[in-house]
A.B. asks: 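Have a look at this one.
All values below were derived from every heavy atom in this structure, side-chain atoms included, with hydrogens, water molecules and symmetry-related copies excluded. Counting starts at 1 for both ligands and their atoms, in listed order.
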Amino acid sequence: MPRLLLFDIDGTLLWTNGAGREATRLAMIEVFGTEAGLTQHVFGGKTDWRTLVDLLGQTGVTSSEIEQQMPAFHEAMTRNLAAIIAGYHVEACPGGLALIEALRQRDDVLLGLVTGNVKDAAAVKLRAAGYDPGWFPVGAYGHEALERDVLPALALARAVDHYRHPLQPDDVFVIGDTPADVSCARALGGRSVAVGTGFFERDELIACRPNHYLDDLKGFLDILDN
Ligand SMILES: [Mg+2]
């Protein structure tokens, strides 16, 4: 049975070095008229939906207004990101491009995404770092849930449908750089791989008891083959 690998984006596959935060700011001003407290916000594995609720809740915007505006935010976020991203030094995390290239040659793994980004913005980020979004035909995204914990099950259901394999939670690896990534793997009943290329220290990630910890993606094939 092949294994389904669900990758996080920011801090795991790539760094946008500020482009994501700036596009979020522009989209929030456009759609909600305020950036709220965005400059101090810790994204840390949150879905974009959760980020909006956390920030805008303090300014009196209700959760249902945010839900109603999510399609507008999705569009504005993507458009603003696409407009500014060339001005930022977006780069793949160490070993990321080589790993995905190697995985694409294998018939025992299936690729997908679990990310807090809204779907179309995820594609813009991937392209800017040298990944083809088409390499990740299934995923679950930050406009689809407040809580990241529900995203892996969504991605798994889509993978079963798309790849036509009866995959089980135990066949799934969730790879990410935050405690929220480890938590959402656990919520599914899948395996977690924490990587130290984001904003969390090695000790903080290990304290979350992931199934595996890696300093970066270069060691990932050893996990898969052992
Ligand atoms: Mg991340």
A.B. asks: Check for me: within less than 2.8 Å of the Mg ion (ligand 1), which protein N/O/S atoms show up?
C.D. replies: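 For the Mg ion (ligand 1), the protein N, O and S atoms that sit under 2.8 Å away are Asp8 OD2, Asp10 O, Asp177 OD1.
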A.B. asks: Looking at Arg104 and Asp132, is any side-chain nitrogen of the basic one under 4.0 Å from a carboxylate oxygen of the acidic one?
C.D. replies: no
A.B. asks: What pairs with Pro94 under side-chain contact (heavy atoms from CB on, under 4.5 Å), at least two apart in sequence or on another chain?
C.D. replies: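 So Pro94 forms a side-chain contact (heavy atoms from CB on, under 4.5 Å) with Trp15, Thr197, Asp216, Lys218.
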A.B. asks: Write out all pairs satisfying ring-ring contact (aromatic ring centres under 6.0 Å, His included) with one or both partners inside residues 34-69, taking only residues at least two apart or from two chains.
C.D. replies: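 Every pair satisfying ring-ring contact (aromatic ring centres under 6.0 Å, His included) with a residue in residues 34-69: His41-Phe43.
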A.B. asks: Are Leu81 and Met70 linked, directly or through other ILVMFWY residues, by side chains that come within less than 4.5 angstrom of each other?
C.D. replies: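 Cluster IDs for Leu81 and Met70 differ.
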A.B. asks: Applying side chain to side chain donor-acceptor pair (under 3.5 Å), run through Asp181 and Thr178 and close with a yes or a no.
C.D. replies: CA-CA 5 Å; Asp181 295 272; Thr178 72; 2.4 Å; yes
A.B. asks: Using the salt bridge (charged side-chain N to carboxylate O under 4.0 Å, His left out) criterion, which residues pair with Asp10? Sequence neighbours excluded.
C.D. replies: Lys125
